[in-house]
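Accompanying notes for the structure given below.
Note that these values count all heavy atoms, side chains included, but never hydrogens, waters or copies made by symmetry. Chain naming here is simple, since letters A, B, ... match the order of the sequence lines and numbering starts at 1 in each. It should be emphasised that the depicted structure is a prediction, and the values quoted were computed from it without experimental measurement.
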Amino acid sequence: MDETSKVSNFIQDIIEEDLRTGKVNKVHTRFPPEPNGYLHIGHAKAICIDFGMAEKYNGLCNLRFDDTNPTKEDIEYVDSIIEDIKWLGFDWEDRLYYASDYYDQFYDYAVTLVKKGLAYVDDLTAEEIREYRGTLTEPGKDSPYRNRSIEENLDLFERMKNGEFDNGERVLRAKIDMASPNMNMRDPVIYRILKAPHHRTGDKWCIYPMYDFAHPLEDAIENITHSLCSLEFEDHRPLYDWFLEKLEIENPPRQFEFARLNLTYTMMSKRKLRNLVENNIVDSWDDPRMPTLSGLRRRGFTPASIRNFCDLIGVSKTYSVVDYAFLEHCIREDLNKKALRVMAILDPLKVIIDNYPEDLTEEMDVENNPEAPETGTRKVPFSRELYIERDDFQENPPKKYFRLKPGAEVRLKNAYIVKCESFVKDDDGNIIEVHCTYDPESRGGSAPDGRKVRGTIQWVSARHAEDAEVRLYDHLFTKENPDDVSEDGDYMENINPDSLIVLKNCKLEPSLKGAKPGEAFQFIRTGYFCVDSKEYKKGNLVFNRTVSLKDTWAKIVKKHS
RNA sequence: UGGGAUGUAGCCAAGUUGGUGAAGGCACCAGACUUUGACUCUGGCAUUCGUAGGUUCGAGUCCUGCCAUCCCAGCCA
């Protein structure tokens, strides 16, 4: 994608070697999601690797839904997965496939195995199969049905297909080695009876292939050259190769495994993410705090930032946990170039310029993005009563506080230099109003006498301000590892109670009134924000904080406290 | 105590057949610049590659032992 892809990784090394030796002529990969949940940032890594490797070496990458378990899968997930991959910017052209497209072929392959004496129908119950399998340190033992005749197996398997048996009554197993130190080779089940309608094949089938059987075959059918998956499938590779060998597949695909993505303060398990939704810890799969692609999208992350992130973290076989700050860096880097700068006050404090005419409004010129001068400028109204950020005034400030303080000057960005003359407190001692005078000679923000004003703050004209709700998001968990829990607790105890802070009384510059979902803004000196798409549909103007700006001052304050 | 894998800075991660300098990024620290305490820029940040030995003129790269961590006993993927 960019200059960083120069850095090599072991998969590139393999592909380059294969291309060099002529082992393969054209790289062909696939991304094979099971449509049983929403895609998350961990899938984005896999997508970037699968599609990225094909792209880099002028090959092809298929999108294939691995839909071999109708009890867990749904069309809803198919749709969301397609939307998310498109959003990331990858294209599979006309190569959208489903494992269910190959059910007839899988069945034939299974029959072939039976005919070769390499598969048999087992009548053991699930419970018995588990007992016969042995343990990690003890070998398993053969099922009493292991040596049925080929004819009987053929007959039984066909009757399984015809629906003559109930769920769980019989399975088809590969005949390999019950004493193998690799559990996956102890006569794995390859077909089970599942009397459940499938979202694509309806009720045509009541037996469904297992992943281990289907995967190498669908890869072979699609002429996949490099079947990339995550580390936990390493133990399955001998089985993957076994099927291809026994079924005499020519130019068989090969499987390579890489480490999946882990992020600090984040969980990737589909099951746990589902729990968050079901327990109303978040309000949906696309809650902006979720690591799902739909959540990140709603939060304001761009496809470019996520792809760049996936590029930068690299590919290896080392178990790793990437710092969330790395993701934040990537989105800041992208948005710094793209986001329009605007002024917004999240926690307003009224400022009155005593020597400014009551009913005057001036239109101040403000640059849209200094990082992209071609975006030009806009007019922002200025008047006697303004709002500034409550943080930007302090009665008794610490040293080196450059913002507004009694008797001192500060620059209102692109407007005037003002001096704090006095302030008003309510009965509880809260500052409710700051009175200033302005220097009429400093229009635009610079003083003709050349005096230096160190602090510059944002402002919004009170009578022109647009009211809006702003949602500040933070990590969903308080611990880097959400599963770092006490004796018999679970990750729920690490939920961050402040992961969402809703601010209802925010004052925005009037140009924000027309903001649309998908537009990125930098609220100057605060952070990057976007319009919440769901609230927008309901007619509400709500901004989500994508990520804050880096805050050196906060660091200094923290260090001295 | 079976099998498979992995161990390079706080984090991610390059290190091709062993050969003077242990890439790069994030984070962090120091400084410059600044009408965003942002951005940008400059400098710093592993005498050492899990560990103990061995081979070698020379090892992160080869050999041996040990240690640590992860994965596997679904009719899930």
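An anti base is found at B:G4: its glycosidic angle is more than 90° from 0.
A:Asp439 meets the side-chain hydrogen bond (donor to acceptor under 3.5 Å, both in side chains) test with A:Arg451; sequence neighbours excluded. Under the side-chain contact (heavy atoms from CB on, under 4.5 Å) criterion, A:Val453 pairs with A:Glu409, A:Arg411, A:Ile417, sequence neighbours left out. Among residues two or more places apart in sequence or in another chain, the side-chain contact (heavy atoms from CB on, under 4.5 Å) test is passed with A:Leu549 by A:Gln522, A:Tyr528. With sequence neighbours left out, the salt bridge (Lys or Arg N to Asp or Glu O under 4.0 Å) criterion links A:Arg64 to A:Glu218, A:Asp219, A:Glu222.
A close approach under 4.0 Å does occur between a side-chain nitrogen or oxygen of A:Lys555 and OP1 or OP2 of B:C29. The side chain of A:Ser8 contributes no N or O atom lying less than 4.0 Å from OP1 or OP2 of B:A14.
Centroid-to-centroid, the aromatic rings of A:Phe543 and A:Phe523 come within less than 6.0 Å.
Atom CG of A:Asp212 and atom P of B:C71 are 18 Å apart (whole Å). Summarising the geometry, the separation between NZ on A:Lys559 and C1' on B:C28 is reported as 10 Å, rounded to the nearest angstrom. What separates OH of A:Tyr319 from C1' of B:U8 is a distance of 19 Å, to the nearest Å. Whole-Å rounding puts the A:Asn308 CG to B:G24 P distance at 18 Å. Rounded to an integer number of Å, the gap from A:His198 NE2 to B:A77 P is 11 Å. One atom, CG of A:Leu156, and another, P of B:C75, lie 19 Å apart when rounded to the nearest Å. One atom, CZ of A:Phe213, and another, P of B:A77, lie 13 Å apart when rounded to the nearest Å. Rounded to an integer number of Å, the gap from A:Leu312 CG to B:A23 C1' is 15 Å.
As judged by a 4.0 angstrom heavy-atom cut-off over every strand, A:Lys337 is placed among residues making no nucleic acid contact. When heavy atoms are screened at a 4.0 angstrom cut-off, A:Leu194 is found touching no nucleic acid atom at all. Residue A:Leu124 is in base contact, counting any heavy-atom pair closer than 4.0 Å across all strands shown. Base engagement by A:Thr135 is indicated by at least one non-hydrogen atom pair under 4.0 Å involving a base atom.
A 4.5 Å side-chain heavy-atom check between A:Pro238 and A:Met185 finds at least one atom pair inside the cut-off. Between A:Phe106 and A:Leu217, some side-chain heavy-atom pair lies under the 4.5 Å cut-off.
Among A:Tyr191, A:Phe213, A:Tyr103, the single residue meeting the ring pair (Phe, Tyr, Trp, His ring centres under 6.0 Å) criterion with A:Tyr208 is A:Tyr103.
Residue pairs that meet the side chain to side chain donor-acceptor pair (under 3.5 Å) test with at least one member in residues 371-382 of chain A, sequence neighbours left out, are A:Asp365-A:Lys379, A:Asn368-A:Arg378, A:Arg378-A:Glu509.
Nearest-nucleotide positions on RNA chain B place A:Val322 closer to the 5' end than the other of A:Val322 and A:His215.
Using bins of under 30°, 30° to 60° and over 60° for the plane-to-plane angle, the ring pair A:Tyr107/A:Phe157 lands in the parallel bin.
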Without placing hydrogens or testing angles, list every side-chain donor-acceptor pair under 3.5 Å for residues 263-274 of chain A, not counting sequence neighbours.
unit_1	atom_1	unit_2	atom_2	d
A:Thr264	OG1	A:Tyr324	N	2.8
A:Thr266	OG1	A:Thr264	O	2.9
A:Ser269	OG	A:Arg271	N	3.3
A:Ser269	OG	A:Lys272	N	3.0
A:Lys270	NZ	A:Asn36	OD1	2.5
A:Lys272	NZ	A:Asp483	OD1	3.2
A:Lys272	NZ	A:Asp483	OD2	3.1
A:Arg274	NH2	A:Asn36	O	3.3

Got a list of side-chain donor-acceptor pairs under 3.5 Å for residues 333-342 of chain A, not counting sequence neighbours?
unit_1	atom_1	unit_2	atom_2	d
A:Asp334	OD1	A:Lys338	NZ	2.9
A:Asp334	OD2	A:Thr302	OG1	2.5
A:Asp334	OD2	A:Lys338	NZ	2.9
A:Asn336	OD1	A:Arg341	NH2	2.7
A:Arg341	NH1	A:Asn336	O	3.0
A:Arg341	NH1	A:Ala339	O	2.9
A:Arg341	NH1	A:Asn369	OD1	3.0
A:Arg341	NH2	A:Asn336	O	3.3

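For the segment residues 180-190 of chain A, residues with any heavy atom less than 4.0 angstrom from an atom of RNA chain B are, sorted by number, A:Pro181, A:Met183, A:Val189. Contacts of residues 67-74 of chain A with RNA chain B (heavy atom under 4.0 Å): A:Thr68, A:Asn69, A:Lys72. Within a heavy-atom distance below 4.0 Å of RNA chain B, the residues of residues 227-239 of chain A found are A:Glu232, A:Phe233, A:Glu234, A:Asp235, A:His236.
Helical stems in RNA chain B, defined as runs of 3 or more consecutive Watson-Crick or G-U wobble pairs with both donor-acceptor distances under 3.5 Å, are listed by first residue as B:2-7 with B:67-72, B:10-12 with B:24-26, B:28-32 with B:40-44, B:50-54 with B:62-66.
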Where along nucleotides 33-43 of chain B does protein come under 4.0 Å, by heavy atom, of base (B) or sugar-phosphate alone (S), with - for untouched nucleotides? -BBBBBB----

Starting from the C-alpha separation in whole Å, work towards a yes-or-no answer on ring pair (Phe, Tyr, Trp, His ring centres under 6.0 Å) for A:Phe521 and A:Phe529. CA-CA 5 Å; A:Phe521 298 96; A:Phe529 293 78; 9.4 Å; no

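Electrostatic pairing of A:Asp122 and A:Arg148 does not count as a salt bridge here, judged by no charged N lying under 4.0 Å from a carboxylate O.
Looking at A:Glu76 and A:Tyr38, their side chains do bring a donor and an acceptor atom within 3.5 Å of each other. No side-chain N or O of A:Arg260 forms a donor-acceptor pair with one of A:His43 less than 3.5 Å apart.
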